[in-house]
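Step one of this worksheet: look at the structure below.
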Amino acid sequence: MSNHGPVHLEGFPASDGIALGRVRRVDWRVPEAPRVTVRRRDRHRELERFQEALRRARTELEEIKRRTEALLGPVEARIFDPQILMLEDPEVVEGTNRYISDNRVTAARAFEWRMLELSELWARTSHTMVLDRLNDLHDVKLRVLGRLLGLPSPWDIGRASDAVIVARELTPSIVARMDPERVRGLATDGGSRAAHWAILARSMQIPAVVGLGEVFDRAREGQRIIVDGRSGQVLIEPGGRDAQRFERRRNRISGWTRRPLTGAEGENGAVTLDDVPVTLRANLDLPGEAGRARELGAQGVGLFRTEFLAVGRHAVPGEEEQYRAYRTVAGTFPSDPVLIRIFDLGGDKFPLFLRMPAEGNPFLGRRGVRVCRDEPGLFLTQLRAILRATVHGDVRIMVPLVNTTGEIAAFRELLDAAKEQLQREGVPFRDDVKVGAMIETPGAALAAAELAAASDFLSIGTNDLVQYALAVDRTNTGLAHLFDPFHPAVPRLVSLVAGAGRSAGIEVSACGELAARPAGALLLMGLGVEALSVAWPSLPEITNLIRGCRMRDVREAAATARAAPGGTDVRRAVEGLLAGPPDPGLSSQPAE
Ligand code: PEP
Ligand code: MG
């Protein structure tokens, strides 16, 4: 397909930052093993070749794990554990050996069959989370088959210094080998923000957009490309004006990032021109990110996602390991709130150790707080670890996907059980730890007054709130254009929650991606949300945004937005406040 003029694609932001570079297409499709029959007396040679390929793959993966640990830390390095375990999984190894022995096929063909069988089995019988497991399986398959067939490394991505990798999908091994000095950005047809490779990209600070659907077919090798990992937009062969606007935006952001936000200026936090302070906290996916968030001026952590401890693991994470992770973050912010969210499992995040039956609609199924009822032991351990961390700072507990006060009451009972255990054991913790509900459904927003009465704080998860308010699956790449956080339903629901919090005298914060978009941050502030929590790389941009506006104007604009008839009008109401040329991150107009 030839492209005339710029191509504009919308996907999902997966790793923050703006990249301008040249397309480098990476096609890593797993090769097909030739059909060759093996003589009976050669079977042993094939069995031995398979063992040698497994040993070799293990050595390579352990080396990648070591390198990743040295570069990014031990938590990130564990991303490779599922693959290493797969190499000794009897389902993989014995299954392949059986095919070699019984069917007289080569090791490559036997392994290919077995992996195909397993991927079909897993795809049929499991949760969406299995996607990540399948991605690991493809990574392993590519590595072992490549060895058995004597193919060159598919991970070689050339030496260009401004490469933007465009692929159907990526894998942890491919991303781990990238040099962030040379690879500017990533753009993929598939993938999700929760994919292991996307977590690695975030740690390596390589901007990424996933779920673009057709970027691999639309992009040609060497074309100019822009990847905006903040808004989820990708432009191929952008026009001069678009390129300049993105470049200006990137330079502005990197200027703010370089300027220190700590010291006197940082302590003042984010205050508007008319002297209204807005609390700005960081969203963290991994404990190692806490230090950087602090350097960038975060006034605490508004969302510490703890799923990294559970997802992709074969065993339940222990109390000690969890405690160490929570203590690291609490210790980095000893005098600011640190909101630790309990495992938000279900939907697209399911750990391997929870063998739960498949559901027709995982996002409407056992998810968030609902999982506490099924797995009290898992959460009791987590609550013990969080309670132990409360002595290191102002640690608060956040409960996802709450709809009813009954769910909060049941959660508090579980928390009391954890407290009793620690008390009996003489382990110190803060008894007055705050418990907050995440408002992520229209039902919860409409019942915000009741939920506020039962909570110590509320936090609006705009990603899910938009998904459930508009009935648009947030992971469905074909519906990205319908996932519109500026739909009029959103400001109206947010306004209800902010009002309920104000009446109850408790804090209302927002921690979804909307808070990190300039127009979104203004909208939330203007609607009465007191604290914003954004992905840590967005802190400088949002700090500057707050410092450059007057709260009086922001409230006025938000009032207009709340009464606006359509998404375009909502956006327009707040975009008018943004200084300078229109933000390219906001120039697209999703369908209404
Ligand atoms: C949200 O839903 O907005 C949120 C912050 O939680 P997550 O994205 O982890 O579901
Ligand atoms: Mg959520």
Side-chain angles (χ1 to χ4, degrees), residues 12-16 127-129 132 192-195 198-199 202 210-211 230 232 280-286 289 293 301-311 338-351 362-372 396-403 407 436-445 451 457-476 480 483-487 489-491 493-494 497 508-517 520-521 523-524 529 531-536 538 542:
F12 299 103
S15 178
D16 214 303
H127 299 274
T128 330
M129 194 54 226
D132 221 28
S192 78
R193 194 182 179 280
I199 295 177
R202 286 199 288 283
V210 298
R230 198 162 288 200
L280 194 52
R281 302 190 185 123
N283 290 354
L284 307 183
D285 287 307
L286 297 167
E289 297 165 349
V301 176
L303 166 64
F304 181 21
R305 292 184 169 98
T306 56
E307 293 81 42
F308 74 93
L309 287 158
V311 170
V338 170
L339 280 56
I340 301 181
R341 180 175 72 184
I342 59 165
F343 297 134
D344 185 8
L345 306 176
D348 62 345
K349 293 176 275 208
F350 244 97
F363 277 105
L364 301 182
R366 273 187 269 190
R367 216 199 142 195
V369 67
R370 301 169 193 176
V371 183
C372 288
R396 305 176 185 183
I397 304 174
M398 197 150 80
V399 188
L401 209 72
V402 170
N403 269 334
E407 284 166 338
M438 282 188 80
I439 304 296
E440 303 191 276
T441 67
L451 297 177
F457 63 91
L458 298 178
S459 181
I460 307 174
T462 57
N463 306 335
D464 277 311
L465 187 62
V466 173
Q467 150 164 278
Y468 292 121
L470 306 183
V472 177
D473 179 347
R474 60 191 271 190
T475 64
N476 186 334
F483 189 88
D484 182 9
F486 296 98
H487 183 287
V490 178
L493 290 168
V494 168
V497 183
V508 174
S509 57
C511 60
E513 313 294 331
L514 183 61
R517 294 172 67 160
L523 182 62
L524 292 164
V529 173
L532 303 179
S533 190
V534 302
W536 63 268
S538 298
I542 302 301

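Counting starts at 1 for both ligands and their atoms, following the listed order. Bear in mind the structure is a predicted one, so any value in this text is a computation, not a measurement.
Here the Mg ion (ligand 2) has protein N, O or S atoms under 2.8 Å from it, and they come to 2.
For atom 3 (O) of ligand 1, the choice among T441, N463, D344, I460 with the nearest heavy atom turns out to be N463.
Checked options V494, V490, L493; the residue passing with I460 is V494 (criterion: side chain to side chain contact (heavy atoms under 4.5 Å, CB included)).
The closest donor-acceptor contact from the side chain of Y468 to the backbone of N463 lies at 3.5 Å or more, if one exists at all. In this structure, E307 contributes its side chain and F343 its backbone to no donor-acceptor pair below 3.5 Å. Distance alone, capped at 3.5 Å, is enough to place a donor-acceptor pair between the N283 side chain and the C511 backbone. Put simply, the side chain of S509 never gets that close to the backbone of S459: no donor and acceptor are under 3.5 Å apart. No donor-acceptor distance shorter than 3.5 angstrom exists from the side chain of T462 to the backbone of L465, with no hydrogens or angles considered.
Salt bridge absent: R202 and D16 never bring a charged side-chain N and a carboxylate O closer than 4.0 Å. In summary, R474 and E513 do not engage in a salt bridge, as defined by a charged side-chain N under 4.0 Å from a carboxylate O.
Contact annotation for R305 and ligand 1: only side-chain heavy atoms (C-beta onward) come within less than 4.0 Å of the ligand. Counting heavy atoms under 4.0 Å from ligand 1, residue Q467 does not touch it at all.
Applying the 4.0 Å criterion to heavy atoms of L303 picks out, from ligand 1, the atoms 5 (C). Each of the following atoms of ligand 1 lies closer than 4.0 Å to a heavy atom of C511: 5 (C). Residue E440 approaches ligand 1 through these ligand atoms, each under 4.0 Å from one of its heavy atoms: 1 (C), 2 (O), 4 (C), 6 (O). Against a heavy-atom cut-off of under 4.0 Å, R474 is close to the following atoms of ligand 1: 2 (O), 7 (P), 8 (O), 10 (O). Heavy-atom proximity to D464, at under 4.0 Å, picks out these atoms of ligand 1: 1 (C), 2 (O), 3 (O), 10 (O).
When side chains are defined from C-beta on, P13 does not count as touching R193, because their heavy atoms never get closer than 4.5 Å.
Partners of A293 under the side-chain contact (heavy atoms from CB on, under 4.5 Å) rule, at least two apart in sequence or in another chain, are A282, L284, A298, F333, W536, L539.
Considering only non-hydrogen protein atoms, atom 6 (O) of ligand 1 sits nearest to R341 NH1, 3.0 Å.
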